[in-house]
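What follows is a short report on a single structure.
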Amino acid sequence: MLRYILRRALIAIPTILLISVFVFSLQKLLPGDPVLAMAGEERDAATLEFLREKYHLNDPIPVQYFNWIGNAVQGDLGMSLRTRQPVTELMAEKLPVTIQLAVMAMIFALLIGIPAGILSAVKKGTVTDYVANVVALSGLSIPNFWLGIMLILLVSVKWQWLPASGYVPLSEDFAQSVKTMLMPAFVLGTALAATLMRHTRSAMLGVLSADYVRTARAKGLAERRVVLKHAFRNALTPIVTLTALLFGELVAGAVLTEQIFTIPGFGKLVVDAVFNRDYAVVQGIVLVTAIGFIAMNLLADVLYVVLNPRLRGQ
Amino acid sequence: MTDAATPSTITGATDPVLSRRPESRAWKKFRTHRSAVLGGILVLFFVAIAVAAPWLPIPDPAATDWGAVRKAPSAAHWLGTDEIGRDVLARMVWGAQASLLAGVVSVAIAVILGVPLGIVAGYFGGWTDAVISRCTEALLAAPFLILAIALAAFLGPSLTNAMIAIGISATPVFIRLTRGQVLSIKAEDYVESARAIGLPTPKILSRYIFPNVLPPILVQATLTIATAIIAEASLSFLGLGQQPPAPSWGSMLNTAKNFLNQAPWMALWPGISIFLVVLGFNLLGDGLRDALDPREN
């Protein structure tokens, strides 16, 4: 088992290196001389040369890459041009906010997606199944930032139940924090629920026709017990791994959700960085999310083996 | 893309009666697939609007009217006006053009880059395959929208750059899909025999491999157009796509968000349109998959 995990982790290293090359080369796409932007008004030759030396811009590109990646490995992703804070520090500040949003969204997604998927598989071909499928497909087709806007319009503007924006840290006021995060988490969660429902449905359909389910039914077990204990348990493996793989969608969705509800998280950080031309921050975020995504992939692979006893011995 | 999928190239046979079969069977299956037909109608509706935009009797989408700022829907402005008095209906119609263009062009970029790379990786294997596959994995590791945002940020915000960014971000999916298809087709007897009688590689690729990888790519392309349209709307919503004053559904929603109290209609129509056109492509893609899948009856 440990050897399997280690081998999978080793395979991930070249992928991460390739991503880092890609992220590094992004800055070479930029038109113009970065030194001119940094120097601002003082464009005399001496200042420009000083800046070039200071940021090692005279070095050959491969050397520049190795300097960059060498620092990145030590947790130094450069400085934000705007706030003059280290990029890693900025990210560490914003991360808890997005994690709270992501966890709450995931709870919504699981609470909606899994029961809906089970129900639609058990009632395959009925009106319930049809309605669940239509709702899921609509969920996949609705841009979630629009859903957010519509919810603000109804819940905040019209009924005035929940605040339209703002953020209260969990440590400050737990109840208020959860309350302000409720609507954004719902918006983000429904987008994932649609995907989760479709996967749960197909996984359940796969196991419901298996022999052991027929045996359980033949034994005269209650249908509820057959579905939940015998079928769902076995359908859980693909569902768990797929949930880990939803990480990418979760991060991308968080960018838009945070923008609509003005939540000061990771996603807002990347969008603000883009508009402030704070490229070091953008690069740092792409690199860190990609590594996070690879880690989730790894976790999905490992969970798949852990949950599936038949694969354990191999 | 579709004209290469003529009946004779799909089967590789020359008999006109025999060769027509799989396609007409697929078409028949597609026609009876109710949701797929609904999807097709939705897509056609928006395509018709986008193409006919210059000839429709609507005001100039960029014409401002300070006497009619944020007016609710009326006989003069069916869908109301926006924050600087522009006609929302006119902007919706021209926005359809931006959305569909973005969807189709970015997927075309992804297909043009991805399919040849996938064929090369799958057919030649070895070292070439290793390099292409590792790069694909690396690109797939970055979440789609994050990658598109980063690319759009570094290329500079514009509709063209958004399309390039979305296209590049969608490429790895097509590389992987094509590679997998080629791997399974390569092992088929008819490819083996083509190789055995000494057909040159380019001919095997163009006559046997390419036509057979097309159906799943067509399905994936249709579904990816749906994703790309949402991605363009997202980028425009963030200000990284279509630049003002040119209309786009995403940027209309971005402005509408600031006037929810005073002019809620500004937020309604762009969202409904994105939803309907994306739903259309999703239904169409699902229907095509069912129709083109030889395993299903």
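We name chains A, B, ... by the order of the sequence lines, and we start the count at 1 in each one. Basis for what follows: all heavy atoms, side chains included, without hydrogens, waters or symmetry-related copies. This structure is a prediction, so every number in the text was calculated from the model and none was measured.
- Residues Phe293(A) and Ile146(B) are not in side-chain contact: their nearest non-hydrogen atoms beyond the backbone lie 4.5 Å or more apart.
- The two residues Leu268(B) and Met150(A) make their nearest non-hydrogen contact at CD1-SD, 3.9 Å.
- Expressed to the nearest 0.5 Å, how far CG of Leu17(A) lies from CZ of Arg134(B) amounts to 13.0 Å.
- Taking chain A as the reference chain and counting heavy-atom pairs below 4.5 Å, the highest number among Ser35(B), Ala226(B), Pro270(B), Gly239(B) is found for Gly239(B).
- At least one donor-acceptor pair under 3.5 Å links the side chain of Trp146(A) to the backbone N or O of Ala267(B).
- Ring-plane geometry between Phe237(B) and Phe145(A) is classed as parallel, the angle between the planes falling under 30 degrees on a 0 to 90 degree scale with a further cut at 60.
- The CG atom of Leu26(A) sits 8.0 Å away from atom CG of Leu147(B), with the distance rounded to the nearest 0.5 Å.
- Chain A forms more heavy-atom pairs under 4.5 Å with one residue of Leu276(B), Thr227(B), Val277(B), Ile274(B) than with any other, namely Ile274(B).
- Considering every non-hydrogen atom in both Ser141(A) and Leu279(B), the closest pair reads OG-CA, 3.4 Å.
- Residue Leu140(B) touches chain A through its backbone alone, counting heavy-atom pairs closer than 4.5 Å.
- Taken from CG in Leu253(B) to CD1 in Ile149(A), the straight-line distance is 5.0 Å, to the nearest 0.5 Å.
- Heavy-atom distances place no part of Asn254(B) under 4.5 Å from chain A, backbone and side chain included.
- When the heavy atoms of residues 129-139 of chain A are compared with those of chain B, the residues falling under 4.5 Å are Leu137(A), Ser138(A), listed by number.
- Considering every non-hydrogen atom in both Val157(A) and Asn261(B), the closest pair reads CG1-OD1, 2.9 Å.
- With a 4.5 angstrom heavy-atom cutoff, Ile272(B) touches chain A via backbone and side-chain atoms both.
- When every heavy atom of Leu238(B) is checked against every heavy atom of Gln259(A), the shortest pair comes out as CD2-CG, 3.6 Å.
- With respect to chain B, the highest number of heavy-atom pairs below 4.5 Å among Ile291(A), Leu287(A), Val270(A), Leu256(A) belongs to Leu256(A).
- Ile16(A) contributes atom CD1, which lies 12.0 Å from atom CD of Glu137(B) (distance to the nearest 0.5 angstrom).
- Heavy atoms only, all atoms of each residue included: Arg198(A) and Asp286(B) are closest at NH2-OD2, 3.3 Å.
- Only the side chain of Phe275(A) has a heavy atom closer than 4.5 Å to any heavy atom of chain B.
- Residues Glu249(A) and Leu145(B) fail the side-chain proximity criterion, which asks for heavy atoms closer than 4.5 Å.
- Taking a 6.0 Å sphere around CH2 of Trp94(B), one finds it holds more than 12 heavy atoms contributed by other residues, nucleotides or ligands.
- The environment of Phe186(A) atom CZ is sparse: at most 12 non-hydrogen atoms of other residues, nucleotides or ligands sit within 6.0 angstrom.
- Residues Ile149(B) and Val274(A) come closest through the heavy atom pair CG2-CG2, 3.9 Å.
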